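All figures in this text were calculated on a predicted structure; none of them were measured in a lab. We count residues from 1, following the sequence as given.
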Amino acid sequence: MEALDAFVDAQLAHWRELLEEAVLAPSTVAVGYQTFVHTLLLGAQMHYDEVTLLRSRVLTEGLESLVTGDGQMSRRAARPCPGPTPGHIAVIADGNRRWAEARGLPVDQGHRAGIRAVLRLVNAAQRTGIRHVTVYMFSTENWYRSQGEVAALFDAFADWFARGAQTLHELGVKVRWSGRRDRLEESLASSLELLESMTANNDKLTLTICLDYGGREELAAAARALATEAVAGTIRPEQIGMAEVARHLYVPEMPDVDLLVRTCEQRISNFLPWHLAYAELVFDPAPWPDFDLARLRDAVDSYAGRERRFGGDAELPAQAGNLEPARNG
């Protein structure tokens, strides 16, 4: 078995080199054909991830098709890693621009490669047994980038929401939007809201897209909502606790984050301050478009090897958002 694993690993290394060459392809074709090439690349990358997961088992079990006989995306069974698996993983997807610059590509190609990485992550998370994935796609501070880059980024989002909606739906993914809803261009906001509605009843995995999101702004908005209730007399200040704050967050039902992964940098950048209270943190030096199933498993393995105490005893785990301090008297 070890010899077969080593053989497959050697083939994966060669495959990885070919994929590294192939990522240059979209920029070499006319704009009208780039989406098709991106789709081909995504399929190759997801097959690569599947072999990474199976290793030598692929020689006996084969490789399931990504598409079923009726043309729908295949829902593959989970193959969890040994040890505890995080229920909720959040990702700060950083490094799209650096990835593109290192390859001599336009910045917009880096952002489209980053979107492919999000879809790879969804597939990898399902195969790993993770039920909640939250991705930081565009922060409130990202508005300060050049108008051209912001426009190109939103074009990539719009293309993804339009073309990827059916794929996410077929995979049983529920999509949620966390962030301000009053500043995006109307057609982009409508596309994301339609994706939310289309996938609302799915239950295989919840993907939360943080778009025009800022953690401090989220908490300030919750405070404003509670202040309005207090002025109206529907709640007294002494009644305001963590549950009351949580119900006014952008996605009230979002569970606390178990594992945060940040690529390229080592900071949380105003991301989910409420939900990260007791998250484990993993910083991966790779730029986001290079994040694949192997890197996800490395992060999950790191998480599984840690002892989570939540500020108390290891024998008494709890969700940080559900903790209430003991009171005397």
Side-chain angles (χ1 to χ4, degrees), residues 1-20 22-23 38-68 72-91 93 113-135 164 167-168 170-173 202-207 258-261 263 280 282 284-306:
M1 184 67 72
E2 290 183 4
L4 288 177
D5 281 340
F7 169 76
V8 172
D9 289 345
Q11 299 308 307
L12 283 168
H14 180 57
W15 194 349
R16 186 165 55 248
E17 293 174 0
L18 293 175
L19 286 174
E20 181 62 27
V23 296
H38 279 294
T39 301
L40 289 179
L41 268 175
L42 177 61
Q45 289 171 328
M46 291 173 72
H47 275 304
Y48 172 88
D49 288 339
E50 185 69 7
V51 178
T52 299
L53 176 68
L54 296 175
R55 299 184 74 194
S56 61
R57 293 195 302 273
V58 75
L59 301 175
T60 55
E61 299 178 18
L63 195 63
E64 288 183 58
S65 174
L66 290 170
V67 182
T68 63
Q72 294 191 337
M73 288 295 292
S74 173
R75 296 188 188 182
R76 294 160 165 169
R79 291 177 179 266
C81 302
T85 299
H88 183 187
I89 179 172
V91 176
I115 289 175
R116 287 203 311 270
V118 173
L119 293 172
R120 289 180 78 179
L121 175 65
V122 169
N123 181 66
Q126 284 191 317
R127 293 294 269 153
T128 308
I130 296 168
R131 296 299 303 272
H132 293 269
V133 172
T134 300
V135 183
T167 295
L168 291 169
E170 290 169 357
L171 288 174
V173 176
N202 293 339
D203 60 2
K204 298 301 180 184
L205 181 145
T206 298
L207 171 64
D258 297 305
L259 173 62
L260 171 74
V261 174
T263 57
E280 298 295 325
V282 169
D284 190 314
W288 172 243
D290 286 336
F291 196 85
D292 55 12
L293 186 142
R295 291 185 177 276
L296 174 63
R297 288 179 71 90
D298 286 344
V300 171
D301 286 345
S302 176
Y303 168 88
R306 302 180 188 184

Below 4.5 Å, heavy atoms only, C-beta onward: do Gln126 and Val173 meet side chain to side chain?
yes
OH on Tyr48 to CG on Leu53, rounded to 0.5 Å
12.5 Å
Quick one: salt bridge (Lys or Arg N to Asp or Glu O under 4.0 Å) pairs with a partner in residues 294-304, sequence neighbours left out?
Asp284-Arg295
Which heavy atom of Glu50 sits nearest a heavy atom of Arg127, and at what distance?
OE2-NH2, 2.5 Å
Verify, without hydrogens or angle tests, whether Arg131 (side chain) and His88 (backbone) share a donor-acceptor contact under 3.5 angstrom.
no
Asn123 side, atom CG; Leu293 side, atom CG - distance, nearest 0.5 Å
8.0 Å
So CG of Asp49 and CG of Asp292: to nearest 0.5 Å the spacing works out to 5.5 Å
More than 12 non-hydrogen atoms from neighbouring residues, nucleotides or ligands closer than 6.0 Å to CD on Glu2, yes or no?
no
So do the side chains of Val23 and Arg116 get within less than 4.5 Å of each other, counting heavy atoms only?
yes
Working note: Arg16 + Thr52, criterion side-chain contact (heavy atoms from CB on, under 4.5 Å); need CA distance, chi angles, decisive distance, verdict.
CA-CA 11 Å; Arg16 186 165 55 248; Thr52 299; over 6 Å; no
Separation between CD of Glu61 and CG of Leu54, rounded to the nearest 0.5 Å:
6.0 Å
Just how far is it from atom CG of Leu296 to atom OG1 of Thr128, taken to the nearest 0.5 Å?
4.5 Å
Atom of Ala125, atom of Leu205 and distance for their closest heavy-atom approach:
CB-CD1, 3.8 Å
Could you pull out the closest heavy-atom pair between Tyr303 and Asp258, with the gap in Å?
CE1-O, 3.5 Å
Minimum-distance pair of heavy atoms, taken over all atoms of Val300 and Pro84:
CG1-O, 4.3 Å
Of the non-hydrogen atoms in Ala93 and Val135, which two are nearest, and what is the gap between them?
CB-CG1, 4.2 Å
What closest approach, in Å, do Leu63 and His47 show between heavy atoms, and which atom pair accounts for it?
CD2-ND1, 3.3 Å
Measure the spacing between CG of Asp5 and CZ of Arg57 and express it to the nearest 0.5 Å.
8.5 Å
Side-chain heavy atoms of Val51 within contact of Trp15, under 4.5 Å:
yes
Are Glu20 and Glu17 close enough, and set up right, to give a side-chain contact (heavy atoms from CB on, under 4.5 Å), and what steps lead you there?
CA-CA 5 Å; Glu20 181 62 27; Glu17 293 174 0; 5.6 Å; no
side-chain contact (heavy atoms from CB on, under 4.5 Å), that's the test. Do Lys204 and Leu171 meet it? Break it down for me.
CA-CA 7 Å; Lys204 298 301 180 184; Leu171 288 174; over 6 Å; no
